[in-house]
Structure formats: C-alpha cells, structure tokens
Amino acid sequence: AAVAQCVRGALRPRYPLLSFSLRTSPRLLCVATQQKNTGQNLEEDQSQSQNEQKIEPSTAEKILTEEKGKLEEQLKEVTDKYKRALADAENVRQRSQKLVEEAKLYGIQSFCKDLLEVADILEKATESVPKEEIKDENPHLKSLYEGLVMTEVQIQKVFKKHGLLRLNPVGAKFDPYEHEALFHAPMEGKEPGTIALVSKIGYKLHGRTLRPALVGVVKDA
C-alpha cells in the first residue's frame, strides 16, 4: 500500500487517469516502473557503448594519420635521393662522354706537334730553291722541287683531314690566344695592333691552338 501511494504521488501530475487504476493494481505499477527503469538503463548502456565506439575510431584514425604522415615523409626522402642519384649518374655519363670525345679529337695532339716540324722543313726546302733555276735545263732540280711541293700539298691535306689547320695571320688583328709576338714596330700604312710579319706558321687542332704563330705586330709611331 505504501509503494502504491508513492507511485501514485509521483505519477499524479502527469497521469491523472492512471491514479485511479493503480489503486486496484499496485503490483502492476511496480512491474511497469521496473520495466521503465530497465529500459532507461538499456538506453544509457547503448549510448555509452556508442560513445566508446566513437572514441575508439577517433584514436585509430589519429594513429593511422600519423603513420601516413611518416610514410609520406619517407617516400619524399627516398624520391629525392633517387632523383639526386639519377642527376649524379647523368652528370658522370656526360663528363665521361666529353672526355672520350676529347680523347678522340686531341689524342693525336703530340703526334701532330711532331709532324709540324716535318711540315716546316718541307716549307723551308721549297722556299730555298731559286725559282729562276727551275727550268727544263735543270730536270733534276725541277723534279726535286716538284716532288717537295707535292709532298707539302699532300701533308697539308692530311692535316686538314684530321682537323689540323694552318695559321698565317698576315694583316689580321693580334690575338694572344693564337699568336705570339716576337717584336712590335711602327710601320707606315699599317694599322696599329695588326700583324705585319709571320715568322713561323701556327696551327690549330679542332679549333684549339696547337702552336701559336710567331709574328711581328705593328705599333703606334
């Protein structure tokens, strides 16, 4: 009876119609109250379980995000190292290729220098022959001279074939990379800084000065 009165007192404001029926069946009221409390407990348990489920994925996502960031940094670092390695390999390849090409072009440099002395001797030999003596009356001298000229022409063809060119810069501007000045002298009708005399022919091998021409340079009076 006391339980029924408490329940009726609690439910009277909201359920006035039930207060009458509860007078006759207090046991039903107690059962209903227990079911209501049980339902509330179940709802609270479900809500707490959902909150825990929400919290757990959040922590897992945070861990995965951190791991993702670490992996991305490692990937970036490895990619940078790979690109640098490719660049270094390409630089080494280009340098090696350049060295090989230069070796092909200038590998005969010392040999050419030695041949230049032979060409100089041939040139002096042809210049030393008196032109007035080259006549049919001197067949031996004429044949010798013609043989020297042909040899000189042929050796210049061979030089040109291998990229070795003569430097005979009479009248050109003095270039310290291609010419070596033996003297400076004023000369009428000549522009200062130009070459008035070539004492010894120079040569260039594939655009690189192999032997500078020995020259006399005009200077101001």
Side-chain angles (χ1 to χ4, degrees), residues 82-221:
Y82 175 70
K83 290 181 179 179
R84 285 196 295 270
L86 285 180
D88 292 340
E90 180 64 18
N91 292 333
V92 171
R93 186 190 68 80
Q94 292 179 358
R95 286 197 296 269
S96 301
Q97 184 177 0
K98 185 178 180 180
L99 291 174
V100 170
E101 292 176 355
E102 289 183 351
K104 290 180 179 178
L105 291 176
Y106 305 110
I108 60 172
Q109 182 169 330
S110 59
F111 178 68
C112 289
K113 281 185 177 181
D114 294 336
L115 285 180
L116 294 183
E117 299 298 329
V118 178
D120 292 339
I121 294 172
L122 284 173
E123 184 178 2
K124 289 179 180 180
T126 54
E127 290 177 353
S128 64
V129 177
K131 300 298 185 293
E132 63 274 8
E133 297 294 332
I134 304 173
K135 300 177 182 179
D136 293 337
E137 290 80 6
N138 296 322
H140 298 292
L141 180 60
K142 184 178 180 180
S143 298
L144 178 62
Y145 177 78
E146 290 176 351
L148 290 174
V149 171
M150 291 175 62
T151 305
E152 186 180 5
V153 171
Q154 185 62 33
I155 198 170
Q156 291 298 328
K157 287 182 179 180
V158 173
F159 284 172
K160 187 176 181 180
K161 178 181 178 181
H162 293 280
L164 188 61
L165 302 178
R166 287 164 55 98
L167 291 176
N168 190 10
V170 176
K173 283 284 186 180
F174 177 76
D175 185 352
Y177 295 102
E178 295 182 356
H179 313 138
E180 182 179 343
L182 296 178
F183 61 88
H184 294 77
M187 292 185 182
E188 293 182 1
K190 300 289 185 180
E191 182 181 356
T194 59
I195 297 173
L197 176 68
V198 177
S199 176
K200 192 172 186 179
I201 297 295
Y203 284 88
K204 295 179 73 173
L205 179 62
H206 295 292
R208 179 186 294 180
T209 300
L210 182 63
R211 187 182 75 183
L214 303 182
V215 300
V217 184
V218 180
K219 72 174 183 177
D220 294 329

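Basis for what follows: all heavy atoms, side chains included, without hydrogens, waters or symmetry-related copies. FYI, the numbering just counts along the sequence from 1.
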- [ ] Could you pull out the closest heavy-atom pair between V170 and A196, with the gap in Å?
- [x]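 That closest heavy-atom pairing would be CG1-O, 4.4 Å.
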
Q. What's the shortest heavy-atom distance between A181 and V217, and which atoms?
A.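 The answer is CB-CG2, 3.9 Å.
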
Next on the checklist: Quick test of your reading of the model: are E101 and K98 salt-bridged, counting only N-O distances below 4.0 Å?
Outcome noted: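 K98 and E101: not salt-bridged.
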
* So which pairs with a foot in residues 189-221 pass ring-ring contact (aromatic ring centres under 6.0 Å, His included), sequence neighbours left out? ->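 Only F159-Y203 qualify under ring-ring contact (aromatic ring centres under 6.0 Å, His included).
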
task: Write out all pairs satisfying ring-ring contact (aromatic ring centres under 6.0 Å, His included) with one or both partners inside residues 111-133, taking only residues at least two apart or from two chains.
output: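 For residues 111-133: none.
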
* To do: Using the test salt bridge (Lys or Arg N to Asp or Glu O under 4.0 Å), find all partners of E178 that sit at least two apart in sequence or belong to another chain.
  =>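 Partners of E178 by the salt bridge (Lys or Arg N to Asp or Glu O under 4.0 Å) criterion, ordered by chain and then number, come out as K204.
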
Give every donor-acceptor pair under 3.5 Å between a side-chain atom in residues 116-124 and any protein atom, sequence neighbours left out.
from : atom 1 : to   : atom 2 : distance (Å)
D120 : OD1    : R211 : NH2    : 3.3
D120 : OD2    : R211 : NH1    : 2.7
D120 : OD2    : R211 : NH2    : 3.4

Starting at [atom1] of [X], measure out to [atom2] of [Y] and round the result to the nearest 0.5 Å.
| X | Y | atom1 | atom2 | result |
| --- | --- | --- | --- | --- |
| D88 | L86 | CG | CG | 9.0 Å |
| Q94 | L99 | CD | CG | 12.0 Å |
| M150 | I155 | CE | CD1 | 14.0 Å |
| T209 | H179 | OG1 | NE2 | 8.0 Å |
| L214 | I195 | CG | CD1 | 10.5 Å |
| L164 | L205 | CG | CG | 6.0 Å |

Partners of [X] by side-chain hydrogen bond (donor to acceptor under 3.5 Å, both in side chains), sequence neighbours excluded?
| X | answer |
| --- | --- |
| R95 | none |
| K142 | D136 |
| S199 | none |
| E137 | none |

Where at least one partner belongs to residues 158-173, residue pairs that pass side-chain hydrogen bond (donor to acceptor under 3.5 Å, both in side chains), sequence neighbours excluded: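 Every pair satisfying side-chain hydrogen bond (donor to acceptor under 3.5 Å, both in side chains) with a residue in residues 158-173: K173-E191.
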
- Check side chain to side chain contact (heavy atoms under 4.5 Å, CB included) between E132 and all other residues, then give those that pass, not counting sequence neighbours.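 E132: side chain to side chain contact (heavy atoms under 4.5 Å, CB included) contacts with P130.
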
* Residues two or more places apart in sequence or in another chain: which of them pass side chain to side chain contact (heavy atoms under 4.5 Å, CB included) with K131? ->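 Scan of K131 (side chain to side chain contact (heavy atoms under 4.5 Å, CB included), adjacent residues dropped) gives I134, Y145.
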
- Message: Just so I know, are the side chains of V198 and I201 near enough to count as touching, which here means a heavy-atom distance under 4.5 Å?
- Response: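 SC-SC contact between V198 and I201 confirmed.
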
Below 4.5 Å, heavy atoms only, C-beta onward: do P169 and V215 meet side chain to side chain?
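Yes - at least one pair of side-chain heavy atoms lies under 4.5 Å apart.
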
Checking side-chain contact (heavy atoms from CB on, under 4.5 Å) for the pair V218/F174: CA distance, chi angles, key distance, verdict? CA-CA 9 Å; V218 180; F174 177 76; over 6 Å; no

**Prompt:** Does anything in residues 143-158 pair up under salt bridge (Lys or Arg N to Asp or Glu O under 4.0 Å), and if so which pairs, sequence neighbours excluded?
**Reply:**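 Of all non-adjacent pairs touching residues 143-158, none passes salt bridge (Lys or Arg N to Asp or Glu O under 4.0 Å).
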
Taking the side chain from S143 and the backbone from H140, do they hold a donor-acceptor pair closer than 3.5 Å?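 Looks like no, no N/O pair under 3.5 Å.
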
Begin from the C-alpha positions of E180 and K200 and carry the test side-chain contact (heavy atoms from CB on, under 4.5 Å) through to its verdict. CA-CA 10 Å; E180 182 179 343; K200 192 172 186 179; over 6 Å; no

